[in-house]
Structures are given as C-alpha cells and as structure tokens.
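Below is one structure, written out as structure tokens; comments come after it.
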Amino acid sequence: YGRRSLTGDKRDVAEDVMRVVEEIVDKLVDKGVDKVFVTIGQDFLNSDNPQGATTKGTPQDNSMAWHEMLAGGLTLMSRVVEALGSVADVEVIYSEGNHDMVLSYAIAKALEERYRNTDMFEVDTDPSPRKYRLWGKTAIGFSHGDKEADLATVMQMENAPLWGASSFRYWFLGHLHQLNLIEKNGVTMIRCRAMALPDEWTSHKGFVGTERGVTCGIIGEDTGLEEIWLMRP
C-alpha cells in the first residue's frame with residue numbers, strides 16, 4: 001500500500017484488496033471455517049518514515065506521504081478484518097517485513113486497541129520475527145522469509161513442541177512477490193503473491209510478468225493444507 005507505479009497506473013490498491021477479500025468471504029461462507037489468520041506487516045506498507053524510505057533507509061517510489069500511508073493502511077486493514085469477521089473469528093498476526101517494521105507495527109497496535117473488548121477478533125503484536133500456530137494436527141509458521149538462512153530447519157529447532165505435536169507443517173512467507181512452493185525436511189514453504197503494483201525499481205530490474213494477488217490456504221484440523229486459493233484483483 002502506497003507504492004507509486006512507474007507506468008502511471010492509478011488503480012486504487014485498497015479497493016483491489018477489498019474486492020479480493022470480498023471474494024474470499026463469499027467462498028468461505030460455504031466452507032464452515034472456524035478461524036481466519038491474517039498477517040499485518042510483511043511489507044504491507046511501501047515505506048516506513050517521513051523520508052519515504054524503508055526501515056533500513058532504502059528510498060522508495062511512494063504515491064503518498066507517510067502519514068497518509070499509515071492512516072489509509074489502518075483503515076484498509078480494519079475493513080479487511082471486519083469483512084473476514086463476518087464469516088469466522090479472526091486473528092491478526094503482526095509479521096515483520098523489511099519495508100515497514102515501524103508503521104505496520106503501529107497499525108497492529110492500533111488494531112489491538114480497537115478490538116480489545118471484542119470476542120471474535122484477536123491481535124498478536126509480539127514483535128518476534130517468526131510466529132507459530134497449531135491448528136489441530138497442523139503447524140503453521142509465518143515469516144517474511146528474507147533473513148533466515150534455511151527455513152526448512154528453523155521450525156523444528158525453534159519450536160520443538162509444536163513440531164512434535166503436528167503431522168503437517170507449513171510456512172507462509174512473503175518478500176519475493178511471487179508464488180512458490182517447496183517441500184523440504186518435512187515442512188512445506190509457501191511463498192505468497194503480492195498486490196503491489198510494479199514500481200521503478202522492479203520495472204528496471206525486469207521483475208515483470210508476476211501475477212498480482214492474494215494467497216489463501218484452507219487448512220483442515222486433521223488433514224493439513226487442503227486447498228490454496230490464488231485470488232486475483
């Protein structure tokens with residue numbers, strides 16, 4: 001959110017996101033889903049400070065000022081969470097990226113306060129770089145996936161009780177803005193697509209042709225990953 005397209009594409013990314021989320025909600029109605037996990041962070045925002053740069057200071061092509069990005073991002077995530085909450089309980093999980101560690105954390109804290117006294121919404125603002133959940137027999141890991149040397153061996157070492165309690169194990173990752181699925185050492189690593197429009201850097205680098213979209217996994221308590229939905233705007 002907040003990236004300026006090199007080609008002058010004026011599409012409203014927020015409305016693209018909401019169209020996809022509404023399609024997901026329609027599909028979930030018939031699934032009988034009990035809970036939805038949704039991450040905040042993962043480079044949700046394009047930059048992280050008044051200078052228009054990432055957390056580490058890399059300049060970005062932005063379509064708005066930092067305060068507009070923060071305010072608009074909070075509004076968008078509230079809309080996403082409440083739309084998903086119409087069909088299931090929702091847990092929002094802060095999962096840090098490399099573009100927006102500060103501002104996305106601020107959005108996570110704002111959501112935590114907003115939904116503090118509700119039963120159907122939960123917000124995890126722990127700043128740990130990797131998050132884990134056990135859903136029935138399935139271990140789920142969330143990470144941006146840009147820093148770990150070998151994610152195929154991290155889960156079993158870092159969270160042995162989770163590994164031992166599970167029959168199925170998955171990582172949901174971001175960073176590369178493209179779909180990829182690798183099975184290694186008993187865990188499946190799923191790289192998810194992104195909704196971002198191509199900016200000057202990605203266009204000049206030739207990172208073109210990758211489909212924009214949202215990746216959604218349907219996980220059964222006793223059956224592991226049953227479906228992957230590739231939702232396009």
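The structure displayed is predicted, hence computed values, not measured ones. Numbers here are sequence positions counted from 1.
- Partner of Phe121 under the side chain to side chain contact (heavy atoms under 4.5 Å, CB included) criterion, out of Leu111, Leu84, Val90: Val90 alone.
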So Lys131 and Asp126, side chain to side chain contact (heavy atoms under 4.5 Å, CB included) or not? Walk me through it.
CA-CA 9 Å; Lys131 300 293 182 66; Asp126 188 301; 3.9 Å; yes

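- More than 12 heavy atoms of other residues, nucleotides or ligands shown are found within 6.0 angstrom of NZ on Lys147.
- Of the listed residues (Leu74, Thr75, Leu76), just one forms a side chain to side chain contact (heavy atoms under 4.5 Å, CB included) with Ser78, and that residue is Leu74.
- Rounding to the nearest 0.5 Å places CD of Gln42 at 7.0 Å from OG of Ser143.
- For Glu122, the side-chain contact (heavy atoms from CB on, under 4.5 Å) partners are Lys35, Glu91, not counting sequence neighbours.
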Stepwise side-chain hydrogen bond (donor to acceptor under 3.5 Å, both in side chains) check, Asp48 with Thr55:
CA-CA 5 Å; Asp48 208 30; Thr55 308; 2.9 Å; yes

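- For Asp124 and Arg133, the salt-bridge test passes: some basic side-chain N is under 4.0 Å from an acidic carboxylate O.
- With respect to the salt-bridge test (charged N to carboxylate O, under 4.0 angstrom), the residues Lys109 and Glu112 qualify.
- Salt-bridge check for Arg130 with Glu148: passed, with a basic side-chain N closer than 4.0 Å to an acidic carboxylate O.
- In this structure, Ala108 and Ile40 approach most closely via the heavy-atom pair CB-CG2, 3.9 Å.
- Atom CG in Asn49 sits 11.0 Å away from atom CG in Asp100 (nearest 0.5 Å).
- Of the inter-residue distances, the one linking Thr215 atom OG1 with Phe172 atom CZ reads 8.5 Å to the nearest 0.5 angstrom.
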Determine, step by step, whether Val13 and Arg212 satisfy the side chain to side chain contact (heavy atoms under 4.5 Å, CB included) criterion, reporting the C-alpha distance in whole Å, the side-chain angles of both residues, the deciding distance to 0.1 Å, and the verdict.
CA-CA 11 Å; Val13 172; Arg212 297 169 64 227; 4.3 Å; yes

Between Arg191 and Leu181, is a side chain to side chain contact (heavy atoms under 4.5 Å, CB included) present by the stated rule, with each step listed?
CA-CA 6 Å; Arg191 291 274 180 186; Leu181 190 150; over 6 Å; no

Evaluate the side chain to side chain contact (heavy atoms under 4.5 Å, CB included) criterion for residues Val80 and Val17: first the C-alpha distance (whole Å), next the side-chain angles of each, then the deciding distance (0.1 Å), finally the verdict.
CA-CA 8 Å; Val80 169; Val17 168; 4.0 Å; yes

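- Tyr132 belongs to a hydrophobic cluster whose other members, connected by ILVMFWY side-chain contacts under 4.5 Å either directly or through intermediates, are Leu134, Leu151, Val154, Met155, Leu162, Trp163, Trp171, Leu173, Ile182, Val187, Met189.
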Please lay out, stage by stage, how Glu22 and Arg19 fare under the test salt bridge (charged side-chain N to carboxylate O under 4.0 Å, His left out).
CA-CA 5 Å; Glu22 287 160 8; Arg19 277 193 292 273; over 6 Å; no

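- Remark: Glu221 does not engage Lys137 in a salt bridge, criterion side-chain N to carboxylate O under 4.0 Å.
- Salt bridge annotation for Glu227-Lys27: absent, with no cationic side-chain nitrogen under 4.0 angstrom from a carboxylate oxygen.
- In terms of modelled atom types and a separation under 3.5 Å, the side chain of Asp43 and the main chain of His99 share a donor-acceptor contact.
- Checked against Arg193 for a side chain to side chain contact (heavy atoms under 4.5 Å, CB included), the options Met231, His177, Glu211 give a single hit: Glu211.
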